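Only one structure is covered here, and it is reproduced in the block below.
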Amino acid sequence: MKTIPLPPCQHQPKKYTGPSAAEILALRKQFMNPGIFLYYKNPIMLVEGKMQYVWDETGKRYLDGLGGIVTVSVGHCHPHVVAAANAQTALMQHSTTIYLQPNVALYAEKLAAKMPGELKVCYFVNSGSEANDLALLMARAYTQNYDVISLRNAYHGGSVGTMGVTAHSTWKYNVPHSFGVHHALAPYPYRGVYGYDDPDAGRKYAEDVKQVIDFCTPGKIAGFIAESIQGVGGFVEFPQGYLKQTYEFVRAAGGVCIADEVQTGFGRTGTHFWGFETQGVIPDIVTLAKGIGNGVPLAAVVTTPKIAQALVGKVHFNTFGGNPVVSAIGTAVLEVIEKENLQANARKLGDYILAGLHRLKQRHKIIGDVRGKGLMLGIEMVKDRGTKAPASAECAQVVETAKDLGLLLGKGGLWGQTIRFAPPMCLTQADADFLLAVLDEAFASVS
Ligand SMILES: Cc1ncc(COP(=O)(O)O)c(C=O)c1O
């Protein structure tokens with residue numbers, strides 16, 4: 001295999017002196033969750049990160065094309081984020097919401113300022129699953145309805161509540177978890193019933209939500225939840241007009257609209273700060289996690305004052321939600337995105353890479369579809385462009401070859417057939433060229 005040089009990097013990783021990868025693997029096998037999966041035939045161990053790069057214990061550097069699963073938004077150990085975290089950790093690590101604390105209130109104001117319309121009340125939690133659980137509770141408490149519509153091919157979390165709205169068998173345990181949840185068609189132009197060639201696909205997929213309301217619920221619903229681009233499902237972008245029409249149907253049935261921005265938020269899509277804006281809608285409830293904290297357990301739900309009132313009758317309490325340290329980090333993340341124009345960078349490089357992916361599609365028949373927005377790009381691999389049979393083994397092989405060449409990528413889709421690229425948004429043009437060169441080589445190895 002030819003070598004492709006990684007762009008130069010000033011950072012010198014520290015010499016690693018801890019246990020070997022084999023020792024850590026053995027510990028993990030003995031003492032940790034046996035159901036969790038590892039990437040790669042020989043799993044790699046990451047011990048250091050700086051901006052868009054990570055290093056394994058041998059000192060080998062990789063371009064982090066997945067950002068810890070779409071989580072490292074502004075860069076590993078970004079100096080401004082580290083400084084904010086260190087300063088607050090040295091001052092006061094924790095207090096809880098039963099006392100006043102400046103960071104969390106100042107952060108809530110800053111986060112709310114990024115939201116359109118009436119979305120001005122923030123709740124802080126620790127993970128995307130918790131945020132979505134809370135959003136579902138809010139929708140039900142506010143509307144006094146129970147039924148919720150989610151989409152097939154969605155991922156909203158692994159808690160018992162969110163497992164119900166998640167719609168991939170991979171993540172659903174065979175226990176009761178989906179009461180009142182109905183899954184509408186995934187608006188998936190490449191694989192779904194209405195394709196890219198149908199200019200009316202957005203309205204037609206939305207019509208399915210209406211059918212679910214009419215045929216599967218009492219006609220009144222609590223809400224509709226959707227990612228703005230499906231993440232775990234393989235970076236599936238909805239046809240234009242889909243959310244607008246769907247929101248109309250949902251609101252007409254008494255429901256509220258929940259946008260899961262866990263992967264699509266914070267400028268990643270390039271053209272907009274929030275993914276839902278790419279469809280020209282304003283949700284009633286927005287859930288945030290992952291990129292919000294650049295890698296720390298911070299998540300949030302943002303809603304309107306009216307909906308927030310619905311939870312006032314009982315106490316909604318979360319021990320670490322809005323902790324002073326994570327609030328300082330969340331604030332620093334917003335500052336970096338603004339100061340370093342990371343949204344504009346995501347747009348510029350996203351467009352550049354997408355054009356490169358279209359060229360790769362012409363060269364490699366195994367690529368069935370390329371899609372996405374900004375720095376959230378997917379490449380769906382198929383054994384045959386006619387049958388669209390998922391090329392799962394080949395996708396795993398491309399990810400493996402890319403790793404050997406110094407690039408970490410993700411996989412998505414029900415069959416693990418879609419390559420996901422969602423790096424820290426500090427990516428450079430040189431990184432983009434490296435990515436395209438590595439992908440070309442990796443696709444050639446399976447063609
Ligand atoms: C779109 C989306 N929502 C929710 C979640 C759940 O987040 P967490 O793993 O922090 O609970 C994820 C996690 O991958 C996600 O991708």
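Small disclaimer: the values here were computed from a predicted structure and weren't measured.
- By the 4.5 Å heavy-atom criterion applied to side chains, Met138 and Val301 are counted as neighbours.
- When only modelled atom types and interatomic distance are considered, Gln52 and His76 share no side-chain donor-acceptor pair under 3.5 Å.
- Checked against the 6.0 Å centroid threshold, Tyr16 and Trp55 do not count as a close aromatic pair.
- Using a 4.0 Å cut-off between a side-chain N of Lys or Arg and a carboxylate O of Asp or Glu, Glu394 and Lys383 qualify as a salt bridge.
- Side-chain atoms of Glu227 and Tyr155 include no donor-acceptor pair closer than 3.5 Å.
- At least one side-chain heavy atom of Ile353 sits under 4.5 Å from a side-chain heavy atom of Leu375.
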Problem - side-chain hydrogen bond (donor to acceptor under 3.5 Å, both in side chains) between Asn294 and His78, worked out - result: CA-CA 9 Å; Asn294 199 44; His78 189 291; over 6 Å; no
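- Judged by distance alone, the side chain of Thr71 and the main-chain N or O of Ile69 form a donor-acceptor pair under 3.5 Å.
- A ring-centre distance under 6.0 Å is not found for Tyr53 and His11.
- Considering only heavy atoms from C-beta on, Leu407 comes within 4.5 Å of Phe434 through its side chain.
- The structure places OG1 of Thr287 at 3.5 Å from CG of Asp260, a figure rounded to the nearest 0.5 Å.
- Using bins of under 30°, 30° to 60° and over 60° for the plane-to-plane angle, the ring pair Trp171/Phe37 lands in the tilted bin.
- Checked by atom type, the side-chain pair Glu340/Asn345 shows no donor-acceptor distance below 3.5 Å.
- Side-chain contact check for Val47 versus Asp56: every heavy-atom pair is 4.5 Å or farther apart.
- Taking the ring centre of Tyr62 as origin, the terminal cationic atom of Lys403 falls outside the region bounded by 6.0 Å and 45° from the ring axis.
- Checked by atom type, the side-chain pair Asp440/His364 shows a donor-acceptor distance below 3.5 Å.
- In this structure, Phe224 and Val148 have side chains that are not in contact, with every pair of non-hydrogen atoms separated by 4.5 Å or more.
- A donor-acceptor pair under 3.5 Å is formed between the side chain of Thr304 and the backbone N or O of Ile307.
- Side-chain polar atoms of Asn86 and Thr89 form no donor-acceptor pair below 3.5 angstrom.
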Practice task
Test Phe124 against Phe320 for ring-ring contact (aromatic ring centres under 6.0 Å, His included), laying out the working first.
Solution key: CA-CA 8 Å; Phe124 294 105; Phe320 293 116; over 10 Å; no
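- Between Tyr205 and Tyr242, the ring planes are perpendicular. Angles over 60° get that label, and only those under 30° would be called parallel.
- With salt bridges taken as basic N to acidic carboxylate O contacts below 4.0 Å, one links Arg191 and Glu380.
- Comment: Lys290 does not engage Glu261 in a salt bridge, judged by the lack of any side-chain N to carboxylate O separation of less than 4.0 angstrom.
- Residues Glu48 and Arg61 are not paired through a salt bridge, judged by the lack of any N-O separation under 4.0 Å between the basic side chain and the carboxylate.
- Panel note: side chain Arg420, backbone Leu66; no donor-acceptor pair is recorded below 3.5 Å.
- For Phe238 and Tyr188, the distance between ring centers is not under 6.0 angstrom.
- A donor-acceptor contact closer than 3.5 angstrom links the side chains of Gln397 and Thr401.
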